[in-house]
Amino acid sequence: MVENTFKDMNYSEYFTNRPTDQITRDLIGRPLTFTNQNNQVLGGYIVEAEAYMGRKDRAAHSYGGRRSPANEGLYRPGGTIYIYSQRQYFFFDVACQEENEPQGVLIRAIEPVWGIEQMIKNRSGKDGVLLTNGPGKMMQAFGIHSRNWDLHPLEESPFSIDLDDNKRKIPREIIATPRIGINQSDPYWAEKKLRYIVSGNPYVSGMKKHNYANNNGWT
DNA sequence: AACAAGATTCCCT
DNA sequence: GGGAATCTTGTTC
């Protein structure tokens, strides 16, 4: 399948029909925006995302078929928003695969482009890489303090991921690494490389200054 | 009913 | 690099 055919795909198609790790990798470089209640468009390019492979994935919230109101979104059809809260912070996921196949992708970081001034305000003045270089920080920059959009289909929400290949940025290199914050006893899932990042992009969480790449790692 | 453990962030040292 | 803040689930007493 040629990638530029995705331009005309809807979210439901995009977030199914391929393995979730492949979907996750394909999201790197695409624009993610959130339009707030004042009609301000906030967002940037996705530079970091993680795949969660469902019931069999020891690190997934749906591991072993675990299901509760808190992770119901994962069980919804591909393209459904799954917002999870933890320690006063919120995470933005999109469900992947068919209904009742609880896989998903976690968007962990963006390179800010649109509405930067407003996002800085939402982040209490935090600027530079600290603005959006983590999943909780990104949602705070969007001004999100609730699970209000949990369980809503992406196309019926203020969130938007532009699937037009002409609008995306092309990384010089996409690297796969183990996921962040996974300390499971099962080394297979703890070490499996399901986190995808733009190599050398400063907005990737934990990126060291001496690893910063020219042009933020874009071609 | 109490408690530990998370897909984290911030503010120290 | 370590500890606190602080919400929800699942486990155990």
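Note on A/Arg87: every side-chain N or O is 4.0 Å or more away from OP1 and OP2 of B/dA5. Taking side-chain N and O atoms only, A/Gln88 has a distance below 4.0 Å to OP1 or OP2 of C/dC7.
Comparing C/dT9, B/dT9, B/dT8 by their closest approach to the side chain of A/Arg123 singles out B/dT9. When each of B/dC11, C/dT8, B/dT8 is scored by its nearest atom to the side-chain atoms of A/Lys126, the top-ranked nucleotide is B/dC11.
If you check every strand for non-hydrogen atoms under 4.0 Å, A/Ile180 touches sugar and phosphate atoms only.
Salt bridge status for A/Arg30 with A/Asp164: absent, with no side-chain N to carboxylate O gap under 4.0 Å. Using a 4.0 Å cut-off between charged side-chain N and carboxylate O, A/Arg76 and A/Glu72 make a salt bridge.
Between A/Phe34 and A/Trp114, the gap from one ring centroid to the other reaches at least 6.0 Å.
Using P as the reference atom, B/dA7 and C/dG1 are 22 Å apart when rounded to the nearest Å.
With A/Glu50 as reference, A/Arg108 is the one residue of A/Arg179, A/Arg108, A/Lys192 to meet the salt bridge (Lys or Arg N to Asp or Glu O under 4.0 Å) rule.
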5'-to-3' dot-bracket of DNA chain C (Watson-Crick, G-U; under 3.5 angstrom; crossing pairs as [ ]; | other strand): |||||.||||||.
Before giving the answer on side chain to side chain contact (heavy atoms under 4.5 Å, CB included), spell out for A/Met207 and A/Tyr212 the whole-Å C-alpha distance, their side-chain angles and the decisive distance to 0.1 Å. CA-CA 7 Å; A/Met207 181 65 65; A/Tyr212 285 5; 3.8 Å; yes
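For A/Lys137 and C/dA5, the NZ to P distance is 20 Å, given to the nearest whole Å.
Residue side chain A/Arg66 does not reach the base of C/dG10 through any donor-acceptor N/O pair under 3.5 Å, judged by distance alone.
Of the two residues contacting DNA chain C, namely A/Arg147 and A/Tyr89, the nearest-nucleotide position lying further toward the 5' end is that of A/Tyr89.
Stacking is found between A/Tyr52 and the pyrimidine-like six-membered ring of the B/dA7 base under the 5.5 Å centre-distance and 30° plane-angle cut-offs.
You'll find the side chain of A/Ile23 reaches within 4.5 Å of the side chain of A/Tyr14, heavy atoms only.
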